[in-house]
Every structure is written in structure tokens, then in C-alpha cells.
Amino acid sequence: MYSKTVMDHFKKPRNVGEIEKADGIGQIGNPVCGDMMTIYLDIEDDVIKDIKFQTFGCGAAIAVSSMLTELAKGKTLEEAKKITNKDVAKALDGLPKNKLHCSNLGADALHAAIKNYEDRKAGKVMPDDNQEDKHEHDHDEKCYCPYCDAELGDGQTFCKSCSLSEEEPA
Amino acid sequence: MYSKTVMDHFKKPRNVGEIEKADGIGQIGNPVCGDMMTIYLDIEDDVIKDIKFQTFGCGAAIAVSSMLTELAKGKTLEEAKKITNKDVAKALDGLPKNKLHCSNLGADALHAAIKNYEDRKAGKVMPDDNQEDKHEHDHDEKCYCPYCDAELGDGQTFCKSCSLSEEEPA
Amino acid sequence: MGYYNLDHINFKHLVPEASQAMIDAIKAEYGNPSSQHQKGDEAREVLEKSRETMARLINAKDPREIVFTSCGTESVNMAVKGLAWARQDKGKHIVTCNTEHNAVIRSLRRLKQLGFQVTSVPVDKYGVVNPQTVKRAIRESTILVSIMHANNEIGTLHPIGEIAAVCREAGVAYHCDAVDSVGTLPIDVEGLGIDLLSFASNPFYGPKGVGALYIRRGIGLWNLLDGGAQENRKRAGTENLVGIVGMAAAAEVAMRDMEKRIEHYKSLRRHFLAELPKYLEDYLINGHPEQCLPNHISLSVRHVEGESIVLMLDEQGFAVSTRSACASGSLRASHVLLSTGLSFADAQGTLVISFGVDTTTQIIDKFLAALEESVKTLRAISPLYAAAQKEKAGK
Amino acid sequence: MGYYNLDHINFKHLVPEASQAMIDAIKAEYGNPSSQHQKGDEAREVLEKSRETMARLINAKDPREIVFTSCGTESVNMAVKGLAWARQDKGKHIVTCNTEHNAVIRSLRRLKQLGFQVTSVPVDKYGVVNPQTVKRAIRESTILVSIMHANNEIGTLHPIGEIAAVCREAGVAYHCDAVDSVGTLPIDVEGLGIDLLSFASNPFYGPKGVGALYIRRGIGLWNLLDGGAQENRKRAGTENLVGIVGMAAAAEVAMRDMEKRIEHYKSLRRHFLAELPKYLEDYLINGHPEQCLPNHISLSVRHVEGESIVLMLDEQGFAVSTRSACASGSLRASHVLLSTGLSFADAQGTLVISFGVDTTTQIIDKFLAALEESVKTLRAISPLYAAAQKEKAGK
Ligand SMILES: Cc1ncc(COP(=O)(O)O)c(C=O)c1O
Ligand SMILES: Cc1ncc(COP(=O)(O)O)c(C=O)c1O
Ligand code: FES
Ligand code: FES
């Protein structure tokens, strides 16, 4: 099901943990979705000196987090902003179709953390404000309902026909 | 599928053939139905001295004809009239459900032949008039559509839902 | 006493490759292809490899266009009902022909009960549908055409490429019940432009009770079996992996040996038809003389009834049938034979003789002798034969 | 490295009797049960003997009340859709519960697309339906109640006898999806008064992809598979005789060993639950503590996600699952767990552990050690665990 690279990053995730006084924090996903990811950045001269993550999620989500931190480490913010979800999936030698959704969390969380750093610098947010949960889809990388593989539109996390309840119980 | 007795009568049918100057002839069934049976009677002092049959039909129909002639041979007309389809089936150690239909031909043909004899005596018909094709069902012995095993009403040979054509071709 | 199978349309033995593959699969104890762990991976691999084999067998572009089912009947029901439901908003009219298998006929009858309309087009005396007749039957509201490839009673092949072209032009989906031809004759769903193709494993010496449906990419169906996510979400239910593996193994052999088998069948058929007049008179050969299954003969023996011949031949060690067994239980004259213009009596006297890879000309010769014998006995009992003889004598 | 199966709800090996029966069937080359000759007779006999075994397994009065299918899903689809169609003139309302298997849920969703109405009743925190709630949900137009026996995710058993009584009183047909209990627990369709009962072969160590449906005499269904005359005209299609024979052999063993197996399962379950606190904290056991499958444990490990635990345990040689595989492919929190009141996060962290006849307390001990290890690793990564620890420390 998973590529060797995915399994390697799942079994030995790189850069796990929290950075005590992080310069930027990005959090994305929620348990409803099944995945939650927090990215911590330590930034010096607009370069990502250190990056750590915490993830609640499936094997793919953990591997994506790990790979993402590897890709971002040492990069300038401008470079890091260009990392896409597709890059992460590619670096992992691909992900199963119904996991592409999860993989989309990775770059989103990184970008959220960078934005958090920039917003703090601009005085827009207090250091411990949490970033909003946002889950947009790239237009080049389609996103699929984790339930039925139907293609999802922007912002959707499940396709409509897979909504849970049949009818209000009597 | 068939009992030993059925197979025996099928393989070695008794009383096959035509009686040249028969005193009574009964014919029943038609090729639409898949079975046709002709019974020839040689009657002396109201006793069936000889009986022969010709049958176009399945294994069951042939065995039924053969067994019927065995049962009827030597009987008085009054006795022979009492032979039912059920008696024939019973003497054959039973018939498959979807063959009960065919088995109903046997006694019907015999009764038709006796009636033909009596009608001739009464001057109602010429010796070579064919009896009408009649296929009624006893009320104690249910009859089933040979196509779908649905129970049939009196006079029906196939159940309505099994009628052949879907719709007139374009 | 030996027992010879000349009823291959209803029963084929397993090729050794298939039975070995099945026994291996039983012993391998594959896991559940849907589960998340190692045991599941292994099973998934075997399943997907089998799917690829199926795609090759009918030249499907993408293995995901193949869905495994539990038999030809399920494939047909899934295709016909699934398409009708999926497109019911576009229209409720379906075109078929008069000689389809019961799987198609009764699926359509079911749909009629749910408000669909069906037009059944006639066939010619060989049992062939004219594509132009299909074209004329298509209306604004037509959503589906379902016309089989090889007919299971008379062996006739319909011009499915031309029918597919007519459907393509009209924007109507085309389903082809190819249960009796896939694995025997080459089929190319891409080249022919077929949208839905039903087939089964046993006709090419695979296990019974395993089938598949080809669904062209982009053709949407409602599932017949709703539930879990198996078969790319097109057919729920735990897979019969043992059967699927057997089907794939049989398909590999079928592809390898196809030409050789066809040659063999053709020579048997020629032999049979050439010898037959020496043993029998007053008979008819049904179906198209060339456009037909190479291993199939439909023979109407006049003045006797088919089941009684089958029974008598069975006693002598030969299995043949009156019509395809899946339709049996019916004692009525075959709708297929009547559609080609046969009389009721002749239709009732019809045998289906079908050859297999093991059939030889020696077996055929023995069979013909037994047939001669049986028919003689039965004609002696038959009132129809007696009448025909009298008529002849009268002339 | 050894590999231990603790995922028996998704994958059971074949009992030797079943695999031997299947291998024998493959070698026996049975004919087609529908054909008219000797080869057919033999096959028919084997088929009918298997049907009698099934009838004994669930105490059906008459073997003709059993129809063989290709899986549990087919049985469910046939029962639910077939009854709905057959009774649509009487009414179009169906009652079910919130924790059914996808086979039922999606069959009902399909029927909704065709104009039926569905009421889904809630369950209590153990996942049990209250028969009185079912009674209140029944309306004038209700034609069918479909409520499962053993839930496949949490193992909870519903009071199906009481539900059957409610249905009987209301004149409504009762279908029970008993895929996960038949062959494990005694079931008596006569005694309980069930009208339709779906079951499958693999849950009692028979082959995968074989199932059966019990249809009480007098209950009319529309066929799901229309076509030939097989299965007493209730299910068309060439039979998977190899699978059916395997199912029957497994059923014989299941009947013989049922008590012994249940005792074994119960002692394993006791051991597991007694030992668990030594290895793990912050967890929940889902389902009813007594009215449940004896070989099934649903365990929610808080603050970690289930699939990642499964994957990690797989690496260490243990197969478990997050939920029943037939539902997998879904990454969403389980509707069953949410229905019992679990939070999304806890539901995401749920494992299904299920024992088989070969499971031992030694295997369970090894498993628990591996589980402890895996959970520790994953909690170290988890933001939810970190937050929970902070909160605890703060208090
Ligand atoms: C409760 C329940 N119903 C139905 C099914 C479907 O059965 P199958 O996978 O044999 O189609 C399952 C699957 O295991 C199940 O657990
Ligand atoms: C033309 C045709 N279609 C469909 C079927 C049904 O296939 P199965 O018996 O595998 O369900 C048959 C039966 O052999 C057939 O001959
Ligand atoms: S982000 Fe993985 S399923 Fe929603
Ligand atoms: S009398 Fe035999 S089928 Fe009609």
C-alpha cells in the first residue's frame, strides 16, 4: 500500500517534537478529519534553522510531516513557500489515491507556520495565537473524498453523498 | 432427477404403437406444449383388451404413457375411468414437480379415448374424428407452469408472467 | 462404460493450470485484500494481477475497467440494471433482441416492472440481428442497447462491432453479453468500441461461479451490490479470491491456446456435419453456418422431443443438452429457435452439441452411432413421425 | 519473525475440513447442477446436501429456505432491496439502526434514491438498539425492519428475538444481517421468528466470497440476480460449487465445535481485558460488556490515530484493524463509534482485535507488549497527547 520511503519516514520520523520558543507555529487539520498536524519553526535571517512537527494521524500523515520537515529545513522562507503538497508526495515516491487528501495537510501546515511568523513580525498576532484551520486544495493536485474517492471541490473535506446520517432517528 | 421406475418405463416403454382398427382413440397435448400423446383402445365387452400409445414428449411423458397403458390394460371401462393422473405418477414412484404438468396428459388421454369409444357407440362421432385437445387440471393435484413453477389455474398451460415476447419488435 | 461430454456449453472441466492455481490459493491462505496489514497486501497483489490478466483477455485499456463478479448472470444484471438506473433521468428506453439469454431477458423484464420500456428486435433465420434494425429501434429516450455476442443455443455471432458503432453514433451505451465467446474467440473491447461486456470463467475452462464485467472508463453504473469499498467501489463484498485466481489462470491458457483450440474445434465441426447425413435424416442445423461459435452445433431432429433424446444418449454415455442449462428448468420450446422461424415441434426436438479441447473425431463417430439408435427408438414411439410417414407414403 | 493474526473479523484461515472439501471438489470436476444428464445429477446432490447443512446451522425448517449467494453483501442486498421492491405497493418505509454495516446502509441509501424512506434509530452507549424504539419507529407504511445481530466494529449483539417479535406483531418483515455471528454463536431462525437472515462463510472459517440468505417460506422477494432457474428460481447464475462445498464443510465443523470455541474465546477475552491495564493507560473498551461477540474487542487508544497503530503493529508482526475491512478505504471516524457517543478523536484511535481458534494467551501477552511500545512511540509524536499532558500537569 505505502512506498518504502513512506514506511521509512513513518517508522523513523525525522524532526519530531516541539520547539520551545518557536518563531512560527502552524496547525492544520482536525480530528474529525482524522489528521492533525503542528509545525514549529525556528527562523534566523529568513532561513529555517530548525523545524519540528507533531502529528495525530495515519501513516501517510506522519510520513508527510516528516518528509516535509526534511524538505523545508535549511531553506529560506521564500524557497519554503514554494514547497507544494505535490513536492512532498513526490519525495515520498507517491501516496495512495485516497491518502492524497492527507498529504495536502503537509505543505498547508508549513505555509501556515510561515504566515504565523510573518504575522507576528508584522505585529498582527500574539505569539501564542493559533492559526486558523484551513484546508484548501491546489488546483493542479486534485483532492479526493477519503470516504468514496469522489473528487472534492475547494474547502470540502468530504463529498456530500457520503454525509453521515441517513435521516433523523425517530 | 427421475425415479428408477420412470427410467425403466422410459427405456423399455410398454405397449408402444398403433392399433389398426382401434375402438377408441384419444389424443391430447400439442407440440407447443412440448408433449403429444395418442392412446389407442381395443375394447371387448366393456373391457380394455388391448391398449397402445404413441408419444412425442419428454422422458416423463413417455414413462407416463407406458405406465398408464399398464394400469389400464385388462380393466373395465368403469375401472379405467377412475384412473387419475395421480395414480400414474404414484405408480411411477413420483415425478419432478415441473413435470407434473406433463404427467397430467396421461389419464386425460385415456379418458379422451374412452369418451371417443362411447361417442362412437352413441353415433356422435365418426371413427376417425380426432378428439379435441383438452388439458384440465384436477383439483387435488396442482399443476405448475413448466417455465417458472408458478401454480397454474384450470386450463392454463403457462403462467401469464412467462409469456414469450417482451414487446412487439420495432 | 465411458462417459463423453458433448455438452461443453454447460459444463467444461477445469484446465489443470486453473485447478492447480486454485489449490495453491486454498493452501496459501491469502488474507483479505481490503485489510491494512501485510496479509492484505499479498492478497491485493494476487487480485490485481488477476485483474490485469482479464484486461489483456479482452484488450481493455485499464485493469480498473474490470470488475470481478460471481457469475455471468451477475455481470449482466449489474450492467443492464446498473446502467438503466444511472441514466434513468436521461430516458427509460432500452433496445435488445429476441434471442438473448434469460439473464438479459429477465433483467429487462424486471426493469419494465420499474417503469422502463424495452424494444426487442427480431433476428433473421440464422439468428443474426441487423445493425440497421437496431439503429431504427433507437429513440430519443433510448439509454442502452443490450445485444449478445455468441448465442448460447445456436452459436450464432452477432455483428457486435457494427452494433457498437451504431450505438456510439447515437450516444447510447452498448452492453454485450459475451459469456459464451470470451476466452473462446478473440474479443477486443477497445477496437470494437463496446461500453459494457459481461463474461464468465467456466466457458474457458475456469471455475464455475466466477465472472467479470468490463465497464469502459467514464461509463457510470449504479452498483448492484452496495456496501464496502471493494472492486474500486464498483462491487461490494468479500472477494472469492480462489475463484478469481482460477479464472485468471484459465484465461492465461485460453490466450496461449486460442488459435490452436479454434482450429481443433473447426475441424471437429466440419467432421460432424459431414458425417451426420450417414446416420440421420430429416434434421435441421440451426444458426449461422459461418458466423458462429466453432465448437457448437444446434441440431433439430424432426418428430422427436429433445429431452427424451438427451436422456437416451445419457444412458448410452453421452452428455448433450436440449438448450443451455442455465435456461433449463424450462420445458417450453426455445424462444431462440422460435425466433429463427422454427416450428414448435422442430424447436422441441433440438439438441445442443458442443465440443471441448478433449473431443476427438472418434468420440463424434461413436456419438453419431448412439444418436442414430436413440432417434430410431424414439421415432418408433412418436405420433408425429407416424403421421409424417403416412403423409409421405400417401404422396 | 512470526506473524500473528488478531484480525479474525477480517481474515480467518480455512479449517482443514473446508480446504480439503474444496480441493476434493476441484478434483471431482462436478458438472453443472442444472444440466439434464448424469454429470448434473451428481452436482445437484452435492449442492442440495450443502443446502441442508446450512438449514441445520441456523435451524431453518426447510432447506429450500436457503439461497446460496456470493458473499454476505449479496445476501444483504438481495434481502433488503428484494423485499422493498416486492412490497413497494404496500408501503415504502424501512426502519434500520445507526450502526449497521455498509452493506445495509448503502442498500438503503440506494432505495432512498428510488423513492423509499428510511428511519434509522439510535443505539445506547453500548451500541444496543432498544426494541421499543424500533416499535415506535414503525409506521403504517413500514414494510421492513433491518437490524443486524452482531456489530462488526464493536461486537455488540442486538436483542434480535425481541426485535423479531415487535416486527411480527406489526406485520412487518424482519431482516437480520448476521454475517458476524452465524457459525460463531447459535442462531435459531425458527425460534426467534426471523424472516430474512444474511450470513457468510468466511466468519466461520469457510472460504471467502460465499454466502447465503435465509428466506422464510412465504416471504416474497424480487430477485437481485435475474436469469436462469438456479437456487429454486431465487438467484440466477452458475453456482460456485467449490465454494459452497467449502462453506458446508466449515459449517459442519462450526456446529461440532461451537461450544468449545465459545469457551476458548471467552477465556481469551477475559485474559486480554485483565492484562491490558498493565500495558496501557488512557483507553476505552467499546461495545456491550456481556452482550457481545466472545472473540471481539474494540479498543480506543486515546490521543493516537488507529491506522498508524495498525501499521506499527503490522511491522512488529501483529495483524489487527481499525475497523472491519469491508468498510475500510474509509478514513473517516467510524459511524458506529460516533453513534455510541465517542468523540471524533477517540473514534479515530480505535483498534479492533479479534481472536481465532488458534489464538493463545501467550500470543495476547506478546501482542500487549508490542501495543505498549507502539502507542508510546506514537503518543510521543501526537499533538493531542502533548496537549493532554500539559492540561494534566496544569491541573
Ligand atoms: C455485519 C456485516 N455484514 C455484512 C458484511 C459483508 O459480508 P461480505 O464481506 O461477505 O460481503 C460484513 C463483512 O464482513 C459484516 O461484517
Ligand atoms: C449467453 C449467456 N449469458 C449469460 C449466462 C449466465 O452466466 P452464468 O451461468 O455464469 O451466470 C450464460 C450461461 O451460461 C450464457 O450462456
Ligand atoms: S486530512 Fe487526511 S483525511 Fe482529511
Ligand atoms: S404437457 Fe408437458 S409441458 Fe405441457
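A, B, ... follow the sequence lines: proteins, then strands. Residue 1 opens every chain. The figures that follow rest on heavy atoms only: side chains count, while hydrogens, waters and symmetry mates do not.
Chosen from D:Gly209, D:Gly40, D:Gly237, the residue pairing most often with chain C at heavy-atom distances under 4.5 Å is D:Gly209. Top candidate by heavy-atom pairs under 4.5 Å with chain C, chosen from D:Lys81, D:Met78, D:Lys27, is D:Lys81. Of the listed residues (D:Val242, D:Val310, D:Leu114, D:Leu313), the greatest number of heavy-atom pairs within a distance under 4.5 Å of chain C belongs to D:Leu114. If you tally non-hydrogen atom pairs under 4.5 Å between each of C:Arg110, C:Gln113, C:Met22 and chain D, the highest count goes to C:Arg110. The candidate from D:Gly31, D:Pro207, D:Ser19 with the greatest count of non-hydrogen atom pairs under 4.5 Å with chain C is D:Gly31.
With rounding to the nearest 0.5 Å, the separation of CG in C:Asn202 from CG in D:Asn240 is 10.5 Å. The CD atom of D:Gln20 sits 9.0 Å away from the CD1 atom of C:Ile26 when rounded to the nearest 0.5 Å. Here the straight-line distance linking atom OG of D:Ser70 with atom CZ of C:Arg235 works out to 4.0 Å at 0.5 Å rounding. Separating the CZ atom in C:Arg109 from the CG atom in D:Asn223 is a distance of 12.0 Å, to the nearest 0.5 Å. Atom CG in D:Asp226 sits 11.5 Å away from atom CD1 in C:Ile105 (nearest 0.5 Å). Taken from CG in D:Asp314 to CG in C:Asp41, the straight-line distance is 7.0 Å, to the nearest 0.5 Å.
With a 4.5 Å cut-off on non-hydrogen atoms, D:Val320 touches chain C through its backbone but not through its side chain. With a 4.5 Å cut-off on non-hydrogen atoms, C:Val210 does not touch chain D at all. If you measure heavy-atom distances from C:Trp85 to chain D, the contacts under 4.5 Å come from the side chain alone. Both the backbone and the side chain of D:Glu74 come within less than 4.5 Å of a heavy atom of chain C. Interface remark: C:Val104 contributes no atoms to any contact with chain D (heavy atom separation under 4.5 Å).
Across all non-hydrogen atoms, the minimal contact from D:Tyr30 to C:Lys208 is O-NZ, 3.3 Å. When every heavy atom of C:Leu14 is checked against every heavy atom of D:Glu29, the shortest pair comes out as N-OE1, 3.1 Å. Contact record, D:Leu225 with C:Leu224: CD2-CD2, 3.5 Å, taken as the closest heavy-atom pair. Considering every non-hydrogen atom in both C:Cys71 and D:Ala236, the closest pair reads SG-O, 4.3 Å.
Counted within 6.0 Å of CD on C:Glu45, heavy atoms from surrounding residues, nucleotides or ligands total 12 or fewer; the atom is thus considered open.
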